[in-house]
Each structure stands twice: as C-alpha cells, then as structure tokens.
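Positions are given from 1 along the sequence. In this text, all values refer to a predicted model and were calculated from it rather than measured experimentally. We count ligands from 1, going down the list as the structure has it; atoms in each ligand are counted the same way.
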Amino acid sequence: MATSDIKNVTIIGAGILGAQIAVQTVCFDFRVTVYDSAEGAFERSVGQFEAIMSTRKKGPAVPIEKWNDGILKVNTVSHMAQALQDADLVIEAVPENLELKRKVFKQMDELAPPRAILATNSSTIPVSRIEDATNRPEKCLNLHFYTPVTGLNMVDIMGGSKTTPETMTAGKQWLSAIGCVPLTVKKEIYGFCFNRVWRSVKRQVLYMWADGFVDHKDIDRAWMLAYGLPVGPFGQMDINGLDITYQVEMSYYHESGEERDRPPKALKEMVDRGDLGVKSGKGFYSYPDPAFADPDFLK
Ligand SMILES: NC(=O)c1ccc[n+]([C@@H]2O[C@H](COP(=O)([O-])OP(=O)(O)OC[C@H]3O[C@@H](n4cnc5c(N)ncnc54)[C@H](O)[C@@H]3O)[C@@H](O)[C@H]2O)c1
C-alpha cells in the first residue's frame with residue numbers, strides 16, 4: 001500500500017497514548033476512528049491532556065486551536081468491527097501485555113480489510129512476537145509514539161520478521177504526513193530507538209531511589225539543571241503513568257530474566273495503592289501543582 005492510499009486510520013485502545021495518536025492523525029486530515037473496550041475511554045484520556053501539557057510546560061506541535069478542533073473530529077465507535085471495516089491503517093494501543101496484544105491483532109486481522117497495515121504502539125515488544133497472530137505478517141510493524149500532546153512528535157518504526165520494504169516505506173511516509181519524525185530501527189531490538197535509551201535512565205534512577213541512595217527530587221533537580229528541561233525522570237514517569245512504567249519495566253524483566261531488570265517493589269507498591277502519577281493526581285509528586293513546577297524547586 002502506498003501512503004497516498006492511507007485515508008482511514010483506526011486506533012484500537014483510546015488510553016492516554018491511543019487518544020493522542022488519534023488527535024495527531026486527525027489534525028492532518030486523515031479520517032480517524034477509535035475503538036476502546038471501556039466506554040468513554042477517549043473522553044477520559046482527552047480530559048488528561050491539559051494536565052500533561054501543564055506538567056510538561058509544552059503543547060502539541062500543531063497550533064492548540066487545531067489540536068482542540070481535532071479532538072472533536074475523532075470518530076469513536078463502540079464495536080470493534082465497525083471501527084475496522086474500512087481501515088487502511090490500524091494502530092493498536094492497548095495495555096503492554098503480549099497475550100492481549102496477540103488477541104487484539106488476531107481480531108484486527110479478521111475484521112480489517114486485507115489491504116490494511118497493522119501496527120502496534122507497544123513500548124517494548126517487537127512486532128515479530130505478534131505478527132503470527134495474523135495472516136498478514138508482511139503488513140505488520142511497530143509504530144511507537146511518544147507524547148504528541150507535548151509536541152514530542154517522533155516515532156520509532158521497526159519491522160517484524162516478514163515486514164516488506166513497501167510496508168516500511170508506507171509507514172515512514174505516513175508518519176511524515178502526520179507531522180511526525182520517523183526513527184528507523186534497522187535491526188530488531190527490544191525497546192526500539194529512543195525508548196531503550198530512556199529505559200536505561202529509568203532503571204538506574206528507580207534503583208537509586210528505591211534503595212534509598214538519593215531522593216527522587218534531587219535526581220530530577222540534577223536532570224532539569226543539567227539539560228535545561230522542565231521535568232526530570234520521575235516527573236516524566238508520573239506523566240507516562242506509573243502503571244504503564246511498571247508494565248514496561250516488567251516487560252524488559254521478562255525478556256532478560258535477569259534479577260537486575262526487575263522493577264523495584266516500591267514502584268509496584270505505589271501502583272497497587274493507586275498512585276499512578278498525573279492520571280490519579282498522585283505519584284512521585286502531587287498534581288495539579290507538582291513540586292518540580294515551582295520555580296523554587298531548582299534553588
Ligand atoms: N503511556 C505512555 O507514555 C506510552 C508511550 C508510548 C507507548 N505506550 C504504549 O501504548 C500502549 C497503551 O498505553 P497507554 O499508556 O495508552 O495505556 P492506557 O492504560 O492509558 O490505555 C489502554 C487502553 O486500552 C483499552 N483496552 C484494553 N483492552 C482492550 C481491548 N481488548 N480492546 C480495545 N481496547 C482495550 C483500555 O480500556 C484503555 O483505555 C501500551 O502498549 C504502552 O506500552 C505508552
């Protein structure tokens with residue numbers, strides 16, 4: 001399929017990332033349909049955009065009026081078959097769980113037209129572990145988005161074991177067509193491009209915090225001062241969601257089987273308590289006014 005043939009884009013899973021992918025895409029005049037198994041998921045995720053933007057002190061790469069108009073143009077449907085019936089490109093953004101993703105990919109394959117490209121927004125799992133749940137592995141790929149709502153418009157793109165060059169080209173061109181920068185992974189690797197770099201930072205800082213070496217606020221201060229950024233690694237994990245952070249770290253742990261890759265118990269305890277970061281109002285910081293946003297934080 002050529003990029004010019006992609007007109008209808010379907011997102012499966014309208015959580016915090018799925019909703020952002022939907023809005024970024026619709027802003028560039030593609031028809032976007034969203035399906036989530038939980039009613040009202042898209043609206044709930046949109047309700048979190050403001051908090052994410054103010055925490056990150058950044059907005060989308062498109063003018064905010066266009067972004068807000070885009071929210072209204074996304075078509076949400078309550079049946080998966082309806083969402084997929086006319087799709088040219090499908091992006092799965094359900095929770096980070098291999099079995100769930102394989103189940104959803106099987107449904108996507110059964111319900112989408114044979115021409116459709118099937119992509120996963122997984123933060124870690126190579127599509128080669130999912131592609132054989134479908135009858136079209138040559139049209140499967142990883143498209144891993146970051147946070148378009150804060151203007152982070154780069155996307156890791158990686159093929160599976162049978163992905164054709166045509167599918168990769170269509171994916172890259174489509175990303176450019178929705179104002180995103182493709183980061184091409186040339187050879188399969190767990191965590192793709194930038195996400196793997198970010199993961200090394202997370203593993204190290206979580207260890208330093210959980211084992212009581214350094215206060216998380218000092219790690220964030222150091223990061224913010226060193227790189228001139230409005231948020232440090234702990235604030236960023238709050239933005240991403242600590243439940244998702246935990247799932248992603250567990251995914252790396254299952255991949256390597258090495259004890260040093262297991263996320264700290266203290267992170268799991270926060271998730272079990274419901275301290276999920278920005279989305280629950282409490283994580284490493286309290287929201288809507290986290291300590292790191294106070295100008296005195298860096299004094
Ligand atoms: N949060 C991040 O910063 C981030 C960044 C990049 C990629 N990702 C990846 O994107 C994916 C989604 O993450 P998220 O943060 O948006 O998660 P989330 O928990 O906010 O959203 C997941 C959504 O999927 C829905 N869902 C669950 N099962 C479903 C099914 N069978 N069919 C349809 N919908 C279903 C849930 O109701 C929920 O709304 C994960 O693979 C994650 O690793 C997350």
Side-chain angles (χ1 to χ4, degrees), residues 10-24 33-49 51-52 55-56 74 76-84 90-108 110-112 118-127 129-130 133 142-150 152-158 180 183 190-199 202 231 233 235-252 254-255 271 274 276-280 283:
T10 295
I11 316 292
I12 304 294
I16 198 59
L17 248 290
Q20 291 179 57
I21 299 168
V23 179
Q24 177 76 25
T33 307
V34 163
Y35 166 76
D36 194 292
S37 53
E39 208 180 314
F42 178 73
E43 291 73 15
R44 276 195 296 282
S45 298
V46 164
Q48 291 170 29
F49 286 172
I52 295 174
T55 306
R56 203 69 180 76
V74 172
T76 55
V77 296
S78 45
H79 295 285
M80 202 183 207
Q82 192 187 351
L84 291 166
V90 186
I91 302 175
E92 163 276 309
V94 303
E96 191 76 348
N97 173 298
L98 178 59
E99 282 322 305
L100 175 62
K101 286 185 185 290
R102 288 181 60 86
K103 185 181 131 208
V104 169
F105 256 68
K106 185 168 183 298
Q107 293 172 302
M108 284 158 43
E110 286 164 0
L111 298 170
L118 309 182
T120 174
N121 183 50
S122 168
S123 297
T124 53
I125 306 167
V127 77
R129 315 266 172 102
I130 307 175
N142 287 96
L143 289 180
H144 171 253
F145 285 74
Y146 290 81
T147 45
V149 73
T150 64
L152 202 48
N153 57 350
M154 60 191 193
V155 181
D156 296 316
I157 174 167
M158 184 172 91
C180 288
L183 307 173
Y190 216 74
F192 326 123
C193 178
F194 183 69
N195 217 31
R196 197 174 169 97
V197 176
W198 164 230
R199 197 271 157 161
K202 273 186 298 181
V231 63
Q236 186 62 49
M237 285 187 264
D238 273 357
I239 292 171
N240 296 350
L242 298 187
D243 48 346
I244 297 299
T245 301
Y246 180 76
Q247 288 166 18
V248 168
E249 295 310 290
M250 281 304 285
S251 180
Y252 278 103
H254 288 313
E255 172 65 9
V271 173
L276 307 180
V278 175
K279 65 174 124 177
S280 72

**Request:** Please determine if Val94 has a nitrogen or oxygen closer than 3.5 Å to a nitrogen or oxygen of ligand 1.
**Result:** yes

**Request:** Please say whether Pro95 places an N or O atom under 3.5 Å from an N or O atom belonging to ligand 1.
**Result:** no

**Message:** If you define the side chain from C-beta out and look only at heavy atoms, does anything of Leu98 sit under 4.5 Å from His254?
**Reply:** no

**Prompt:** Hey, does the side chain of Ser122 reach the backbone of Thr124 with a donor-acceptor pair shorter than 3.5 angstrom?
**Reply:** yes

**Request:** Specify the protein heavy atom at minimum distance from atom 18 (P) of ligand 1: its residue, its atom name, and the distance to 0.1 Å.
**Result:** Gly15 CA, 3.9 Å

**Asked** Any donor and acceptor pair, going by atom type alone, linking the side chain of Arg199 with main-chain N or O of Glu249 inside 3.5 Å?
**Response** no

**Request:** Measure from the side-chain N and O atoms of Thr10 to the backbone N and O of Leu84, and report whether any donor-acceptor pair falls under 3.5 Å.
**Result:** no

**Message:** Below 3.5 Å, N or O to N or O, backbone or side chain included: is there any such pair between Asn121 and ligand 1?
**Reply:** yes

**Item:** N or O contact, Tyr35 vs ligand 1, cut-off under 3.5 Å
**Value:** no

**Message:** Checking a contact table here: which protein heavy atom is nearest atom 35 (C) of ligand 1, and how many Å away?
**Reply:** Ser37 OG, 3.2 Å

**Prompt:** Which atoms of ligand 1 are found less than 4.0 Å from any heavy atom of Ala38?
**Reply:** 37 (O)

**Prompt:** Which protein heavy atom lies closest to atom 41 (O) of ligand 1, and at what distance to 0.1 Å?
**Reply:** Glu96 OE1, 2.5 Å

**Complete:** The closest protein heavy-atom partner of atom 16 (O) of ligand 1 is Leu17 N, 2.9 Å

**Asked** Is Ser122 in contact with ligand 1, taking contact as a heavy-atom separation below 4.0 Å?
**Response** yes

**Message:** With a 3.5 Å distance limit and no angle check, can you tell me whether Thr120 reaches the backbone of Val127 through a side-chain donor-acceptor pair?
**Reply:** no

**Asked** Is the shortest N/O to N/O distance between Lys101 and ligand 1 below 3.5 Å?
**Response** yes

**Message:** So does Ala93 get a backbone contact from the side chain of Asn121, meaning a donor-acceptor N/O pair under 3.5 Å?
**Reply:** no

**Message:** Whether the Gln236 and Asn240 side chains hold a donor-acceptor pair (N or O, under 3.5 Å, no angle test) is what I'd like checked.
**Reply:** yes

**Prompt:** Tell me, which protein residue and heavy-atom name are nearest atom 19 (O) of ligand 1, and how many Å apart are they?
**Reply:** Ile244 CD1, 4.0 Å

**Message:** Among all protein heavy atoms in this structure, tell me which lies nearest to atom 43 (O) of ligand 1, with the distance rounded to 0.1 Å.
**Reply:** Ser123 OG, 2.6 Å

**Complete:** Quick look: Val104 vs ligand 1, heavy-atom contacts under 4.0 Å, and the answer is side chain

**Asked** Can you check whether His144 has an N/O within less than 3.5 Å of an N/O in ligand 1?
**Response** no

**Prompt:** If we only count heavy atoms from C-beta on, is the Gln20 to Phe145 side-chain gap below 4.5 Å?
**Reply:** no

**Request:** Determine whether Val271 and Leu276 make a side-chain contact, defined as any pair of heavy atoms from C-beta on separated by less than 4.5 Å.
**Result:** yes

**Item:** Distance-only N or O hit between ligand 1 and Glu92, under 3.5 Å
**Value:** no

**Request:** With sequence neighbours left out, write down each residue that passes side-chain hydrogen bond (donor to acceptor under 3.5 Å, both in side chains) with Asp156, or none if nothing qualifies.
**Result:** His144, Tyr146

**Message:** Please list the nearest protein heavy atom to atom 20 (O) of ligand 1 with its residue and the distance rounded to 0.1 Å.
**Reply:** Ile16 N, 3.1 Å

**Prompt:** Are any of the N or O atoms of Asn240 closer than 3.5 Å to those of ligand 1?
**Reply:** yes

**Residue pairs, two or more places apart or on separate chains, that pass salt bridge (Lys or Arg N to Asp or Glu O under 4.0 Å) and touch residues 91-102** = Glu92-Lys101, Glu96-Lys101, Arg102-Asp132

**Item:** Donor-acceptor under 3.5 Å (Ser45 side chain, Ala41 main chain)
**Value:** yes

**Request:** Check each atom of ligand 1 against the heavy atoms of Ala41 and keep those under 4.0 Å away; list them by number with element.
**Result:** 39 (O)

**Message:** Tell me the protein heavy atom at minimum distance from atom 23 (C) of ligand 1, and give that distance in Å.
**Reply:** Asp36 OD2, 3.5 Å

